[in-house]
Amino acid sequence: MDTKYIRNFSIVAHIDHGKSTLADRMLELTGTITAREAKEQLLDDMDIERERGITIKASAVTMHYEYEGQTYMLNLIDTPGHVDFHYEVSRALAACEGALLVVDASQGVEAQTVANAYLAVETGVEIMGVINKVDLPAAQPEVVAEEIEHVLGIRRNECFAISAKTGKGVRELLDAICELLPAPADRSSEPARALVFDSHSDPYRGVICYVRVFSGKLRVRQRMRLMHTGRSYLITELGKFRPAMTPVEELGTGEVGYIVANIRDLADVHVGDTVTDDANPAQDPLKSYQPPMQMVFSDFYPGDNTEYSKLRAAFEKLALNDASFSFVPQNSPALGFGFRCGFLGLLHMEIIQERLERENDIDIVQTAPTVSYEVIMSDGQVRRIGSPSELPDRTHIQELREPFVRLEIITSTESIGGIMKLAEARRCKLVKTDYLNPTRVMMEYRAPLAEIVYDFYDQIKGISRGYATMDYELTDFEATNLVRIDILVNGQPVDALSIIVHRDNAEQRGRKLILKLKKAIPRHQFEVPLQVAIGGKIIARETVKAYRKDVTAKLYGGDVTRKMKVLKKQKEGKRRMKSIGSVQIPQKAFMSILDTSD
Amino acid sequence: MSPHSAPSDDEAPGLYLHVPFCASKCGYCGFYSQPTAGRDMHRLVTALLTEVRRHHATPAVRTIYIGGGSPTSLPVDLLARLVETVASAWPDAREFTVECNPGQAGVEMLSVLARCGVNRLSFGVQSFHAGELELLGRRHSVDDALRSVRQAQDLGFANVGIDLIFAVPGSTLDSWQQCLESALSLGIQHISAYSLSFEPGTPLYEARRLGRIDSVEEDTDRAMYELAIDLLAAAGLAQYEISNFAREGFECRHNMGCWENRPYIGIGPSAASYWLGERTANVADIDAYIRRIEAGLTATEQRQQPNHDDCICETAVLNLRTRRGVDPADFQRRTGADFRKVFAASLHRHERDGLVETQAGRIRLARRALAVADSVLCDFSSL
């Protein structure tokens with residue numbers, strides 16, 4: 001097809017602003033699927049995605065649309081809608097010429113909208129402002145248009161007012177996509193280059209690469225080369241998502257589709273890599289992007305050590321379709337063998353954890369998530385650590401750096417005070433305040449990731465009565481005065497309970513921490529002392545009292561069945577616990593170290 | 001022994017007969033019983049005997065135990081009829097126990113029991129402090145208890161036991177010691193000592209919930225238990241189960257059968273059976289029970305067939321309540337399972353922590369684990 005008639009675009013939006021509904025409506029209006037086929041939110045094909053109403057992985061669909069007597073090929077590349085998946089948003093945008101920035105007419109611009117807009121601007125795609133849900137009684141399209149203009153710099157009279165739900169304005173939007181979004185550059189005569197913007201593993205066909213062709217074309221039975229790895233493969237199938245996988249003979253410049261080439265291991269395909277013709281390769285690969293940075297780490301241990309290999313198998317399965325999740329074997333002196341897992345963010349972690357439990361019958365104990373730190377060693381070497389226990393001895397450290405983010409919070413003006421107080425307590429520095437209108441304000445902070453990654457969002461939601469939204473993006477690592485707090489349970493240091501905190505808060509955090517642990521660790525047949533150490537010095541101690549009595553006095557014939565049930569229940573209560581020496585530590589104890597409340 | 005070739009003693013069941021009447025309900029009792037007032041006890045006894053006759057085909061029972069409720073709340077003639085019928089059905093039972101309420105069991109009743117072959121009595125004494133008896137809602141006095149036990153001994157009963165309750169609100173370690181000493185002064189063969197438990201739905205439970213009474217401190221409760229173990233052992237009543245103490249050779253065979261996970265047949269309203277591989281329970285309602293029996297129907301209301309794993313776990317948990325513990329060879333013979341193998345992980349942990357020990361080839365709870373037995377036994381409750 002002539003590249004003139006191809007449009008590649010993404011829809012970016014805050015969660016719940018109607019991205020998936022708009023995609024469904026477009027699929028219907030272009031006849032790609034019938035209304036009857038339109039299962040709600042068709043593009044989100046994982047259960048967890050649908051349940052949480054978010055999209056985790058990008059996907060793509062090709063539509064045909066008649067505009068002014070001409071058939072256009074519209075390739076919609078779907079993007080995830082959560083802060084943890086920025087990386088996936090940017091790689092989807094890298095395959096597009098345009099983006100629709102969707103804003104809910106009743107909610108207005110949210111922090112995530114801003115973050116997405118920044119991404120789109122950085123990628124250099126053309127942005128169209130779309131105000132959705134104008135059918136709602138609470139819709140204020142004019143106010144929202146003004147916000148969009150004020151914050152995002154898109155002129156208010158250029159925004160499209162639509163209702164994805166009723167279909168109002170969607171046809172006009174499709175027309176505008178054909179009319180206004182740029183066509184791909186025509187480089188059909190150049191050697192083939194296609195960007196791999198996603199991939200997934202199919203049990204029967206191996207790895208399926210999602211590609212956008214930037215120059216030349218790809219053909220079935222052609223030998224292709226992945227420029228990053230240098231390996232070549234025979235293309236056995238090319239196709240498009242319509243939305244089902246539909247084979248085609250070739251993919252030309254500007255087109256979006258998939259490649260099947262008998263690639264067995266997902267690890268062989270680097271998302272962001274360039275596919276070229278093995279016989280006539282391009283000189284340079286397409287501009288790639290940085291691999292995603294894992295910002296949150298957590299250890300997973302089998303509750304029962306004999307289930308280690310089962311856990312490994314489960315992780316291998318999960319990693320097949322999620323290249324941004326990593327796991328490496330980990331041996332904790334206290335907890336035995338397990339895995340250190342890296343995630344893009346906390347939500348990503350929760351999703352993996354949920355899938356792990358849902359799809360496998362393994363009793364798992366998970367340690368509290370921690371951010372990654374940069375350690376500058378005495379010899380100048382730079383190390384990245386994802387766990388307090390990996391922190392080298394103080395004498396070998398020149399500098400300890402923690403990750404900082406640019407944090408945007410949009411909230412109501414009456415909650416500014418509360419949020420500022422919280423942010424200050426969390427070591428965040430206010431960069432600027434911007435009034436979107438008399439009642440809404442956007443605040444930008446420079447914030448240590450460790451302080452905002454866990455419960456910060458919940459807290460600002462609480463302070464603003466659900467109004468505030470936030471988003472953040474990693475900027476750099478900065479040296480701060482950090483120390484490690486160690487916890488000793490029954491005299492034994494438990495590496496998985498260590499945390500790295502700012503020195504100013506260390507003692508207070510340590511004291512709070514063992515109080516939480518005291519509540520979380522059940523009573524044993526003996527006393528369990530808990531101690532806090534900073535720099536090897538014990539600064540506080542608490543004791544979990546022993547229970548003195550736990551026995552059924554009477555057990556005769558008539559009680560056996562009932563009593564066995566009670567005992568089984570008691571045993572169940574010991575699940576999701578990890579033995580450290582003779583002490584059973586429940587899952588909630590590992591998580592209680594994140595709880596900074598009183 | 002019975003004339004037909006009887007099953008080995010090992011397979012012969014115990015027989016439990018439940019008399020669901022009490023003169024009045026005690027404040028702590030969660031068992032099924034009804035006040036005697038206005039009840040047709042004759043009709044109930046007839047129904048009980050009908051159910052007994054249904055088991056006549058069972059050639060041998062090891063032990064007979066009549067409990068309640070309180071069997072002695074029955075008029076003496078009715079109790080005699082019941083005891084006589086059961087005794088003559090299974091004359092070879094080696095132990096025949098009747099639970100007695102002090103104050104109810106007078107010389108006449110005790111003589112009848114002796115004559116019918118009852119060879120073991122268990123008195124629900126509960127306490128030797130008048131205040132505690134009152135708080136527990138018992139009708140008898142301390143003197144009643146002393147008199148009843150002496151009368152039984154005078155009539156020639158050589159195997160007499162009493163029940164005691166400790167950690168009654170307001171009690172102290174000293175008051176409990178006095179109680180134990182009073183018990184020992186009776187020269188009895190058996191003592192069951194239970195820590196008071198507050199069963200939901202009982203008046204004591206309500207009183208505690210409303211803050212009118214307080215539980216004894218956990219530390220005191222524990223100390224009372226430990227005191228009982230030591231004091232009774234010193235007096236020659238060794239602990240043989242978590243709550244049971246006896247002179248050598250006077251352990252309650254009937255209950256030992258239960259802890260060895262042997263079969264038993266339960267008769268009467270709410271009575272439970274473990275018989276022919278099934279755990280069943282009779283309907284827990286006197287009128288429904290009578291109606292069913294009179295109509296020629298079974299009184300069984302709940303029925304459950306433990307699978308092999310259940311059987312392994314039940315045997316383990318029950319065996320471990322006894323001070324003899326688990327005999328691995330015996331366990332293997334009964335369940336077909338290797339005790340050390342199937343519970344390897346739990347044993348490893350508890351042995352390391354000194355909560356389970358092996359003595360003369362038997363695996364049992366260590367002394368320090370007795371007071372917290374459930375926290376250990378729960379690890380043997382499923383595979």
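Just so you know, these numbers use all the heavy atoms, side chains as well, and skip hydrogens, waters and symmetry mates. Numbers restart at 1 for each chain; the letters A, B, ... are given by sequence-line order, proteins then strands.
Top candidate by heavy-atom pairs under 4.5 Å with chain A, chosen from B:Ser243, B:Ser375, B:Ala272, is B:Ser375. Chain B forms the most heavy-atom pairs under 4.5 Å with one residue out of A:Asp550, A:Val551, A:Leu555, A:Thr306, and that residue is A:Asp550.
With B:Val317 as reference, B:Leu377 is the one residue of B:Asp379, B:Leu377, B:Asn261 to meet the side chain to side chain contact (heavy atoms under 4.5 Å, CB included) rule. Applying side chain to side chain contact (heavy atoms under 4.5 Å, CB included) to A:Thr367 and the options A:Asp495, A:Val494, A:Asp299 leaves one that passes, A:Asp299.
A cation-pi arrangement is present between B:Arg279 and B:Tyr274 under the rule of less than 6.0 angstrom and at most 45 degrees off the ring axis. Under a cutoff of 6.0 Å and an axis angle of 45°, B:Arg208 and B:Phe198 form a cation-pi pair.
Looking at A:Lys565, neither its backbone nor its side chain comes within 4.5 Å of chain B, counting heavy atoms on both sides. Of the atoms belonging to A:Arg562, not a single heavy atom falls under 4.5 Å from chain B. Using a 4.5 Å cut-off between heavy atoms, B:Cys378 touches chain A through backbone and side chain atoms alike. In this structure, no portion of B:Gln302 lies under 4.5 Å from any heavy atom of chain A. Only the side chain of B:Phe166 comes within contact range of chain A, judged by heavy atoms closer than 4.5 Å. Only the backbone of B:Leu370 comes within contact range of chain A, with heavy atoms under 4.5 Å apart.
In this structure A:Lys549 satisfies the salt bridge (charged side-chain N to carboxylate O under 4.0 Å, His left out) test together with B:Asp221, sequence neighbours excluded.
Looking only at side-chain heavy atoms (C-beta outward), B:Arg120 and B:Tyr65 come within less than 4.5 Å of each other. The shortest distance between side-chain heavy atoms of B:Thr97 and B:Thr63 does not fall below 4.5 Å.
Contacts from residues 524-534 of chain A to chain B, taken as heavy-atom pairs separated by less than 4.5 Å, involve A:Gln525, A:Phe526 in sequence order.
Taking the six-membered ring for Trp and thresholds of 30 and 60 degrees, A:Phe315 and A:Phe339 have ring planes more than 60 degrees apart, a perpendicular arrangement.
Between the side chains of A:Gln366 and A:Tyr301, no donor N or O sits under 3.5 Å from an acceptor N or O.
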